[in-house]
Amino acid sequence: QVQLVDSGGGLVQAGDSLRLSCVASGGTFNAAIMGWFRQAPGLEREFVAAIDWSGGDVDYRKSVKGRFTISRDNVKNTVYLQMNSLKPEDSAVYYCVVKVNGIIVRNPREYKYWGQGTQVTVSS
């Protein structure tokens, strides 16, 4: 059974950095797309970033481009999200996701597996 365990969230001030991690287990992820979504209170879940198996294809939502970097370690089945220059509007629960194959998409319904979420709170 596939399991995603995400971690690394916390309470920081605007301008600070955080690094989220997500370890995947219980499956084969050679062709998988791994990524992150987030959801703030009262808002819909939104795509943040995703990366393909080789790391050669990545996608970011516009508001985080240049500040966030997604990467993965295929030996450890782990995906990371380095978040720099954090802003209060980045505050949300961040979810690690896995899409078992294919290309990167932004539709959350295409991602079969979800982590439990890790809270990121950025104070101004």
Side-chain angles (χ1 to χ4, degrees):
Q1 182 176 351
V2 173
Q3 187 174 19
L4 305 180
V5 179
D6 39 34
S7 62
L11 171 62
V12 297
Q13 293 187 331
D16 286 349
S17 299
L18 279 175
R19 188 193 196 204
L20 306 184
S21 300
C22 172
V23 180
S25 61
T28 302
F29 305 100
N30 286 354
I33 304 295
M34 301 184 78
W36 297 89
F37 280 74
R38 68 186 182 187
Q39 187 168 24
L43 299 180
E44 291 190 355
R45 199 164 289 191
E46 62 183 21
F47 173 84
V48 177
I51 185 170
D52 72 350
W53 180 82
S54 71
D57 190 19
V58 295
D59 189 24
Y60 297 94
R61 70 177 299 103
K62 185 178 180 181
S63 63
V64 308
K65 228 173 189 178
R67 299 187 297 121
F68 291 12
T69 303
I70 190 170
S71 60
R72 65 189 285 173
D73 183 333
N74 292 325
V75 173
K76 297 179 179 179
N77 286 336
T78 301
V79 62
Y80 305 97
L81 186 68
Q82 178 66 43
M83 306 186 295
N84 298 331
S85 302
L86 282 162
K87 303 176 181 180
E89 50 264 43
D90 294 318
S91 297
V93 177
Y94 283 70
Y95 297 91
C96 170
V97 294
V98 166
K99 179 175 177 283
V100 294
N101 52 31
I103 62 173
I104 293 174
V105 296
R106 297 188 174 194
N107 185 344
R109 296 175 187 169
E110 297 286 333
Y111 291 83
K112 184 174 182 179
Y113 300 108
W114 290 71
Q116 81 281 3
T118 184
Q119 176 72 49
V120 172
T121 304
V122 185
S123 64
S124 57

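The analysis underlying the following values was restricted to heavy atoms, covering all of them including side chains, and did not include hydrogens, waters or symmetry mates.
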- For Ile51 against Ser71, the heavy-atom pair lying closest together: CD1-CA, 3.8 Å
- Is the NZ or CZ atom of Arg38 both under 6.0 Å from the centre of the six-membered ring of Tyr95 and within 45° of that ring's axis? no
- Message: Between Val2 and Phe29, is the side-chain contact (heavy atoms from CB on, under 4.5 Å) condition met? List the steps.
- Response: CA-CA 10 Å; Val2 173; Phe29 305 100; 4.0 Å; yes
- Is the shortest heavy-atom distance from the side chain of Val79 to the side chain of Ile70 under 4.5 Å? yes
- Message: I'd like to know whether Asn30 forms a side chain to side chain donor-acceptor pair (under 3.5 Å) with Thr28, so could you lay out the CA-CA distance, the side-chain angles of the two residues, the decisive distance to 0.1 Å, and finally the verdict.
- Response: CA-CA 6 Å; Asn30 286 354; Thr28 302; over 6 Å; no
- Item | Minimum-distance pair of heavy atoms, taken over all atoms of Lys99 and Val105 | CE-CG2, 3.7 Å
- Enclosure of Trp53 CH2 (heavy-atom neighbours >12, cutoff 6.0 Å): no
- Are the side chain of Gln116 and the backbone of Asp6 linked by a donor-acceptor contact shorter than 3.5 Å? yes
- Enter the distance from Met34:CE to Ile104:CD1 here, rounded to the nearest 0.5 Å. 12.0 Å
- Message: Is the shortest side-chain heavy-atom distance between Val120 and Met83 below 4.5 Å?
- Response: yes
- Query: Is the shortest heavy-atom distance from the side chain of Arg61 to the side chain of Glu46 under 4.5 Å?
  - Reply: yes
- Message: In the structure I gave you, are the side-chain heavy atoms of Val48 and Leu81 within less than 4.5 Å of one another anywhere?
- Response: yes
- Nearest-0.5 Å distance that lies between atom CG in Asn101 and atom NZ in Lys112: 10.0 Å
- Item | Cation-pi geometry met for Arg72 and Tyr80 (6.0 Å, 45°) | no
- Message: By the definition side-chain contact (heavy atoms from CB on, under 4.5 Å), identify the one residue from Asp90, Thr121, Leu86 that meets it with Val12.
- Response: Leu86
- Item | For Ala50 against Ile33, the heavy-atom pair lying closest together | CB-CG2, 4.0 Å
- Give a yes or no answer on whether the side chain of Asp52 reaches the backbone of Gly56 with a donor-acceptor pair at less than 3.5 Å. yes
- Message: Can you give me the closest heavy-atom contact between Trp36 and Ser21, atom names plus distance?
- Response: CH2-O, 3.6 Å
- Query: So, Ser91 side chain and Val122 main chain: donor-acceptor pair closer than 3.5 Å or not?
  - Reply: yes
- Would a 4.5 Å heavy-atom cut-off, applied to side chains only, mark Gln82 and Ser17 as touching? yes
- Query: Rounded to the nearest 0.5 Å, how far does CD of Gln1 lie from OG of Ser25?
  - Reply: 9.0 Å
- Task: Return the minimal non-hydrogen interatomic distance between Ala14 and Ser124, and the atom names on each side.
- Result: CB-CA, 4.3 Å
- Just how far is it from atom OH of Tyr94 to atom CG of Leu20, taken to the nearest 0.5 Å? 7.5 Å
- Would Tyr111 and Val98 count as a side-chain contact (heavy atoms from CB on, under 4.5 Å) if you check the C-alpha gap in whole Å, the side-chain angles of each, and the deciding distance to 0.1 Å? CA-CA 6 Å; Tyr111 291 83; Val98 166; 5.8 Å; no
- Message: What I'd like to find out is whether the side chain of Asn107 reaches to under 4.5 Å of the side chain of Phe47, using heavy atoms alone.
- Response: no
- Item | Common cluster, Val5/Val97, ILVMFWY with side-chain heavy-atom separation under 4.5 Å | no
- Query: Are Phe37 and Trp114 close enough, and set up right, to give a side-chain contact (heavy atoms from CB on, under 4.5 Å), and what steps lead you there?
  - Reply: CA-CA 9 Å; Phe37 280 74; Trp114 290 71; 3.8 Å; yes
